[in-house]
Protein chains: 2
Amino acid sequence: MKEKQSSHVPVQPDERMARLVRLAARGFNRALQLRLQTENVTFGQWIFLRILWQEDGLSQRELSDRAHLTEPTAHTALIKMEELGFIERRNVEGNKRRQHAFLTRKGLELRDVLEPLALEVNDAAMAGLSKKAQEDLRNALSVMIRNLENDEHDAAARGVRVPPTKGNTAN
Amino acid sequence: MKEKQSSHVPVQPDERMARLVRLAARGFNRALQLRLQTENVTFGQWIFLRILWQEDGLSQRELSDRAHLTEPTAHTALIKMEELGFIERRNVEGNKRRQHAFLTRKGLELRDVLEPLALEVNDAAMAGLSKKAQEDLRNALSVMIRNLENDEHDAAARGVRVPPTKGNTAN
DNA sequence: CATCTAATATTAGATGTCTATCTTTAATGC
DNA sequence: GCATTAAAGATAGACATCTAATATTAGATG
């Protein structure tokens, strides 16, 4: 059945996929934040905590790489996390440039509380999707991500400066 | 075939989908911004322009609804767009509350320049995906979006205050 | 018609993100 | 070994987004 077409508002098929993807991303973010806030952890802190649970003691640079975020973003998040007592930042073995982040007991303990929340979000999002549908979805998303990365690299190669993302996931 | 398991870094299957979706959203955003910046239009301005090309003269409230953004967000974007001469804001027919936005010639003309850019992004992203794969992808995303919306509503019904999204699409 | 309530817009303040630039420390090359 | 280059981090400034609070106007009600 064709989509009903309202009088003077033609569909924009070319933007539909981007819009759906952005809405889905926003849904995930909000659902997770909703849960994190009950533990007074922000989304940004969650990102870095999750990485540190896997590999403690990474440098700021390594953390920003793994998070796919810039260093200033990592910097401010890590400063805040140190203030909150989730991590300790310090140099190691004579290198005074690298600032490594180490989980405190508090930061470590958050893992048991927070990880189940991410699971919950995932389960909520996946309701009604078969294993196969999920697998197909992951594959299709991976293809798009790779395509868009190539697009960005191509643009960079043409000398275009890539602007900030400003996380607008709306629309 | 099982996924190979690296020494001490277990996979987190529960977060993989969210991460993929966020990365895809970021890819779309960056690819579009890359193109918009050559015309000195920001992502936020694009969002409202696109809506106004469909329905000129909407109020700020109507615009924020359609964009899935809050009123303050729409407000600042629209103020800026008026400064840039893309739109004119004014009241209509005796209602002094509603601020309606009307495209100027300049705002209208941007359409022909900008819309093809969105098409380009879409084409780049869809490379290698069959029509059917795209359709399946849209369906699966729609299911997830609905699931996550329900999750949010459920939480709201339980009295939880929903935090801002802060567009982090990374990770 | 005067007042209360609802709708709409605005302002203020927080956060997360980015780019660009500056500072400090390490590594490299004569 | 000193000077240059590279790496890592820190800082400044811009922007999009949110919530919360405030102001203004419209509509409803006694």
Side-chain angles (χ1 to χ4, degrees), chain A residues 22 25-26 29-30 33-34 36-37 40-48 58-65 67-84 89-101 156 160-171, chain B residues 22 25-26 29-30 33-34 36-37 40-48 58-65 67-84 89-101 156 160-171:
Chain A
R22 289 187 196 114
R26 200 174 59 154
N29 288 348
R30 291 183 80 93
Q33 283 177 277
L34 203 57
L36 291 178
Q37 83 178 340
N40 286 307
V41 173
T42 69
F43 188 85
Q45 289 158 18
W46 155 262
I47 287 180
F48 291 105
L58 292 174
S59 71
Q60 175 177 301
R61 160 65 62 122
E62 291 167 326
L63 282 164
S64 62
D65 282 352
H68 298 284
L69 295 171
T70 62
E71 282 197 80
T73 301
H75 183 69
T76 50
L78 293 171
I79 292 284
K80 186 71 189 188
M81 288 166 75
E82 184 167 45
E83 271 173 39
L84 292 171
R89 295 165 69 246
R90 59 170 199 267
N91 311 111
V92 291
E93 55 187 42
N95 191 321
K96 287 176 195 156
R97 275 188 306 192
R98 289 202 185 84
Q99 279 289 351
H100 295 261
V160 181
R161 183 152 306 115
V162 180
T165 301
K166 307 290 171 46
N168 187 338
T169 45
N171 224 48
Chain B
R22 289 186 195 114
R26 198 173 61 154
N29 288 348
R30 291 184 78 94
Q33 282 177 277
L34 203 58
L36 290 179
Q37 82 176 342
N40 287 307
V41 173
T42 69
F43 188 84
Q45 289 158 20
W46 155 263
I47 287 180
F48 291 104
L58 291 174
S59 71
Q60 175 176 302
R61 159 65 62 122
E62 290 167 327
L63 282 164
S64 62
D65 282 351
H68 298 283
L69 295 171
T70 61
E71 283 196 81
T73 301
H75 183 69
T76 50
L78 294 171
I79 292 284
K80 186 72 189 186
M81 288 166 75
E82 184 166 44
E83 271 174 40
L84 292 170
R89 294 164 70 246
R90 60 170 198 269
N91 312 110
V92 289
E93 54 187 46
N95 190 322
K96 288 176 192 153
R97 274 187 308 191
R98 289 203 185 85
Q99 278 291 348
H100 296 259
V160 180
R161 182 153 305 114
V162 179
T165 301
K166 304 299 168 39
N168 187 337
T169 45
N171 223 49

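Chain letters run A, B, ... following the sequence lines, proteins first, then strands; residues in each count from 1.
- Using a 4.0 Å cut-off, no side-chain N or O of A:Thr73 falls inside it from OP1 or OP2 of C:dG16.
- Straight-line distance from the CD atom of B:Gln45 to the C1' atom of D:dA16: 11 Å, rounded to whole Å.
- One atom, NE2 of B:His75, and another, P of D:dA20, lie 19 Å apart when rounded to the nearest Å.
- The interatomic distance linking A:Lys96 (NZ) with D:dA6 (P) rounds to 23 Å, in whole Å.
- Atom P of nucleotide D:dC15 and atom CG of B:Asn29 are separated by 17 Å, given to the nearest angstrom.
- Taking the side chain of B:Arg89 as heavy atoms from C-beta on, and the options C:dA9, C:dG16, C:dC18, the nearest nucleotide is C:dA9.
- One interatomic measurement links the two molecules: CG of B:Asp65 to P of C:dT8, which rounds to 9 Å at whole-angstrom precision.
- Side chain of A:Gln99, nearest nucleotide from D:dA26, D:dG9, D:dT19: D:dG9.
- Distances shorter than 4.0 Å separate some side-chain N or O of A:Thr42 from OP1 or OP2 on C:dG16.
- Secondary structure note: stems in DNA chain D built from 3 or more consecutive Watson-Crick or G-U wobble pairs under 3.5 Å occupy C:1-30 with D:1-30.
- With hydrogens and angles left out, the side chain of A:Arg98 and the base of D:dA8 share no donor-acceptor pair within 3.5 Å.
- B:Thr76 comes within 4.0 angstrom of a base, heavy atoms only.
- Within 3.5 Å, no donor on the side chain of A:Arg61 pairs with an acceptor on the base of D:dA8, nor the reverse.
- Atom-to-atom, CD of A:Gln37 to C1' of C:dT15 comes out at 14 Å; the value is rounded to the nearest Å.
- Positionally, the nearest nucleotide of DNA chain C for B:Asn95 lies more toward the 5' end than for the other of B:Asn95 and A:Thr70.
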Audit row: A:Arg89, A:Gln60, side-chain contact (heavy atoms from CB on, under 4.5 Å) steps and yes/no:
CA-CA 9 Å; A:Arg89 295 165 69 246; A:Gln60 175 177 301; 4.1 Å; yes
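- Looking only at side-chain heavy atoms (C-beta outward), B:Arg22 and A:His68 stay at 4.5 Å or farther from each other.
- Separating the CD atom of B:Gln60 from the C1' atom of C:dA9 is a distance of 6 Å, rounded to the nearest angstrom.
- Two residues are said to be in side-chain contact when any heavy atoms from C-beta on lie closer than 4.5 Å; B:His100 and B:Asn91 fail this criterion.
- Taking 3.5 Å as the limit, the base of C:dT8 and the side chain of B:Arg97 contain no donor-acceptor pair of atoms between them.
- At least one side-chain heavy atom of B:His75 sits under 4.5 Å from a side-chain heavy atom of B:Ile79.
- Side chains of B:Glu71 and B:Arg61 form a contact here, defined as non-hydrogen atoms less than 4.5 Å apart.
- The two residues B:Trp46 and B:Val41 come nearest to each other via the heavy atoms N-CG1, 3.9 Å.
- In this structure, CD of B:Glu71 is placed 13 Å from P of C:dT11, rounded to the nearest angstrom.
- To the nearest 0.5 Å, the span separating CD on A:Gln45 from CE on A:Met81 amounts to 6.0 Å.
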